[in-house]
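These numbers come from a predicted model, not from an experiment.
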Amino acid sequence: MPVYNFKKMAPVPSAHDLVDIVLTRTQRRTPTVVHPGYKITRIRNFYMRKIKFTQQTISDRLTTMLADFPRLSDIHPFYSDLCNTLYDRDHYKLALGQINTAKQLVDSVARDMIRMVKYGDSLYRCKCLKRAALGRMCTILKRQKASLSYLEEVRKHMSRLPALDPNTRTLLMCGLPNVGKSSFMNKITRANVDVQPYAFTTKSLFVGHTDYKYLRWQVIDTPGILDHPLEQRNTIEMQAITALAHLTCSVLYFMDISEQCGFTIEQQCNLFRSIQPLFANKQLVVVINKIDAQPWDTLDANYRTMIEDLIKESGSNTSMLHMSNVSEEGVSQVKNHACDKLLAARVDSRVSGNKVDSVMNRLQVVYPTARDGVTREAYIPESVARERRDADGKEKKTKSRVGYAPTVNDSEDEADETPPESEDEAMDASGGAARKKTARELMWENGGPGVWAPDYREQYDLEDPEWRFDAIPQILDGKNIADYVDPDIDAKLQLLEEEEEQLAKEYEAADMERMEDDDSLDEMEKAQVAEIRDRVKITRAYKERPGGRNRPAMPREIRGRVKDCHDDGAKLKASAIEKRMSKVGVDASQMLERGRQRERDAPREKRRRARDEKDADMEDAGPAGADEDMEDGRGKSKGAIKRQRKEREQSVRREKSQARSHSRPREPSEMGLKDEDMAKVAKKVEKQGQARWFGAGGEGDHTKSVHLVKWMNTGKKRNGTHYCR
């Protein structure tokens with residue numbers, strides 16, 4: 001698996017998109033309603049929360065961005081130099097440094113503005129500070145437009161880099177352009193590299209994989225390299241130079257001896273000498289390619305001598321092989337030879353390392369020592385020795401098949417020469433009798449596995465062994481022979497029947513004990529009890545279901561409804577009560593009769609009480625009341641006094657006719673409160689407690705009020721000059 005996976009890097013948004021993301025998330029995830037009537041501490045917390053959330057969102061985004069991009073000093077030198085070649089190390093570090101600086105500036109702005117909001121004395125001041133903080137943060141992000149755009153382009157390019165492992169077994173191909181590197185890669189791997197008859201078809205590194213000796217090998221195809229100084233090489237060539245410099249691999253240097261690539265053999269040898277320092281400590285294979293167009297034997301002697309001298313100069317790690325991609329001659333040999341050389345080099349490097357000493361210290365080799373001077377020869381039993389000797393007394397060669405099944409190709413002599421596998425066979429052999437054939441031999445003689453089945457009748461233990469292979473009749477003397485197989489069959493059947501009877505009696509006794517409690521009930525009561533139990537189970541399951549407790553305190557059908565007998569939908573009617581109580585098995589007739597009696601007695605008591613109060617009011621409104629009106633200086637006529645008395649009577653009658661649910665307002669002292677202010681506080685607390693019942697909204701709910709259209713309500717508004725269609 002590759003060590004670095006740059007495809008998981010998150011996309012880098014542009015400066016404008018990042019500002020929109022931050023502000024939109026702040027608007028969605030923070031409260032949006034605040035009023036000047038709130039406490040100043042609540043207003044400060046409202047705007048401080050917005051500033052903190054914006055700062056945290058920006059910090060998280062920029063931190064994720066910095067964490068996704070690799071640090072060039074922490075990754076493998078191959079990837080570090082590759083990034084320097086492709087993206088310029090200085091520019092890359094500068095862009096990441098500017099993003100880190102922007103993150104620190106945003107944190108500093110948020111910290112300063114929150115400190116100022118803590119001393120805001122009004123909603124307007126706090127709001128202005130919030131706007132200033134968010135504006136400064138967005139300005140900092142907009143200044144990073146160039147860095148963000150550059151990092152997004154780098155991310156796109158890095159996501160397209162090949163996922164190669166710098167530490168695994170690797171075959172690296174290099175050479176001049178158009179010498180057959182990509183064609184060889186397509187032959188030995190499942191990669192599909194573009195091959196064209198012109199130079200620099202391959203412009204970047206390509207990775208393929210192949211298998212050799214049950215191991216996974218990584219094959220890298222590099223762009224072509226030209227023979228000129230290092231500082232004059234372009235980005236495409238520097239990718240191949242970087243791979244050669246940092247990867248521990250087996251290098252395959254391709255040479256086109258047919259010169260169809262456009263470069264002479266001298267130029268190819270000069271390139272080899274110029275990049276030869278990069279081959280140090282690597283296994284090198286010089287591949288002579290395109291021998292189908294120019295065979296090696298017919299090549300000019302001077303060129304052959306030049307190439308052979310070049311290989312001798314390279315050292316003992318260099319070897320030469322011939323191949324052709326067209327005829328596929330030598331392709332497998334080149335691959336196998338390169339893999340073997342790398343495997344041997346990896347083993348040698350590990351053996352010569354320091355880790356081998358620590359492993360060898362944990363190993364202990366024990367050599368046996370003689371306990372005395374007696375020489376003990378190998379003992380061969382007499383039966384085995386006699387079996388090994390033929391008729392002339394000479395020892396014959398035997399082929400042991402112990403643990404193996406004989407095959408059809410085995411000869412009869414070899415089957416006979418199989419040594420005995422058991423003591424019985426050894427005894428038979430010593431007695432001179434014929435050796436007993438094994439089940440495997442019989443199986444192969446009779447058709448092989450799946451055709452022949454062993455005859456288990458040989459294992460029957462009967463009084464007379466001759467009876468083992470007799471055919472068992474089904475009918476004998478007109479009777480079924482199976483009925484007389486077991487003489488104790490009747491006794492066993494009797495025992496089974498008695499056991500079944502005993503189990504049935506025990507089950508009935510347990511059932512009677514369980515039903516003892518219900519014997520005193522009749523059929524109707526038993527049915528009611530069963531229904532009650534079923535309803536209790538349903539109710540319990542309904543309460544225990546997921547989300548069953550997340551419900552309002554009052555049902556929606558009763559919430560806010562007047563619960564009296566005049567309401568058709570109320571559940572306090574006599575019929576509804578009787579029906580509900582009968583479902584749970586309770587007789588509600590006496591309760592309903594008691595309620596009807598109270599309803600009949602209530603009007604009589606109400607009429608008597610109203611009559612007494614009316615008489616008392618008539619006495620209070622006598623001449624004394626008239627004198628008081630006259631003394632007050634506001635003399636009232638008899639009609640006015642009569643109307644006043646009538647209104648008082650109607651108000652008393654109205655209060656007495658109100659339903660029980662409409663309680664009359666009480667004084668604060670009657671409710672256990674001190675004064676009207678405390679009553680208002682209690683009313684407010686009660687409404688806050690009922691907010692959960694009625695689903696009241698809070699300051700965190702995002703609500704949009706209807707605003708007037710600006711162009712319809714601005715400018716001069718004189719009579720006769722403002723017109724709106």
Side-chain angles (χ1 to χ4, degrees), residues 31-47 49 120-127 552-567 570 572 602 605-622 624-636 640-701 703 705:
T32 56
V33 178
V34 64
H35 299 289
Y38 289 167
K39 291 183 179 180
I40 189 62
T41 56
R42 184 175 178 182
I43 296 173
R44 290 170 183 167
N45 292 333
F46 177 85
Y47 288 109
R49 180 178 176 183
D121 55 356
S122 65
L123 184 144
Y124 178 74
R125 290 180 182 272
C126 294
K127 184 177 181 180
M554 294 180 64
R556 191 179 295 275
E557 59 182 358
I558 297 178
R559 190 189 311 166
R561 177 180 293 175
V562 179
K563 296 178 285 297
D564 57 4
C565 60
H566 299 289
D567 190 358
L572 301 179
E605 182 66 23
K606 189 182 293 186
R607 286 196 295 271
R608 183 183 64 75
R609 196 176 301 160
R611 191 164 50 250
D612 295 343
E613 291 181 1
K614 182 177 180 181
D615 295 341
D617 292 340
M618 293 294 290
E619 292 176 0
D620 294 339
D627 295 340
E628 290 177 2
D629 292 339
M630 295 298 293
E631 291 174 0
D632 198 15
R634 294 176 296 172
K636 295 183 180 179
I641 296 174
K642 189 175 181 179
R643 285 193 300 272
Q644 187 178 3
R645 188 183 300 119
K646 185 176 180 180
E647 291 176 358
R648 191 183 300 114
E649 292 175 359
Q650 290 178 353
S651 63
V652 172
R653 191 179 301 112
R654 191 181 307 111
E655 290 179 0
K656 293 181 178 299
S657 64
Q658 284 181 342
R660 291 179 62 190
S661 60
H662 294 275
S663 59
R664 69 182 66 181
R666 295 180 295 171
E667 296 295 330
S669 58
E670 296 178 2
M671 295 185 291
L673 302 176
K674 181 179 179 181
D675 50 9
E676 292 292 339
D677 295 337
M678 188 173 291
K680 290 180 180 179
V681 173
K683 189 69 174 177
K684 182 178 180 181
V685 173
E686 181 184 5
K687 286 185 177 180
Q688 291 178 353
Q690 293 177 350
R692 185 169 61 91
W693 297 359
F694 301 103
E699 67 178 57
D701 296 329
T703 56
S705 58

Requested in this report: Please list, chain by chain and in numerical order, all residues satisfying side chain to side chain contact (heavy atoms under 4.5 Å, CB included) with Lys683, sequence neighbours excluded.
Outcome: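 Per chain and number, Lys683 pairs via side chain to side chain contact (heavy atoms under 4.5 Å, CB included) with Glu686, Lys687.
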**Report entry** Contacts of type side chain to side chain contact (heavy atoms under 4.5 Å, CB included), residue Asp121, not counting sequence neighbours
**Finding:**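 Testing Asp121 for side chain to side chain contact (heavy atoms under 4.5 Å, CB included), a comparison that skips the adjacent residues, returns Arg125.
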Query raised in the report: Just wondering, do Tyr47 and Leu123 contact through their side chains at under 4.5 Å, heavy atoms?
Result: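 Of all side-chain heavy-atom pairs linking Tyr47 with Leu123, at least one is under 4.5 Å.
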Query raised in the report: Are Lys684 and Lys680 close enough that some pair of their side-chain heavy atoms sits under 4.5 Å apart?
Result: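 They are not in side-chain contact.
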Query raised in the report: What distance separates Phe46 CZ from Ile40 CD1, expressed to the nearest 0.5 Å?
Result: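 Atom-to-atom, Phe46:CZ and Ile40:CD1 are 13.0 Å apart.
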Requested in this report: Identify which one of Glu649, Arg643, Glu647 satisfies the side chain to side chain contact (heavy atoms under 4.5 Å, CB included) criterion when paired with Arg645.
Outcome: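 In the set Glu649, Arg643, Glu647, the residue that makes a side chain to side chain contact (heavy atoms under 4.5 Å, CB included) with Arg645 is Glu649.
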Report task. Would you please test Arg49 and Asn45 for side-chain contact (heavy atoms from CB on, under 4.5 Å) and show each step? Result -> CA-CA 6 Å; Arg49 180 178 176 183; Asn45 292 333; over 6 Å; no
Query raised in the report: Has the side chain of Arg44 got a donor or acceptor atom that lies under 3.5 Å from a matching backbone atom of Gly120?
Result: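 Checking the backbone N and O of Gly120 against the side chain of Arg44, a donor-acceptor pair under 3.5 Å is found.
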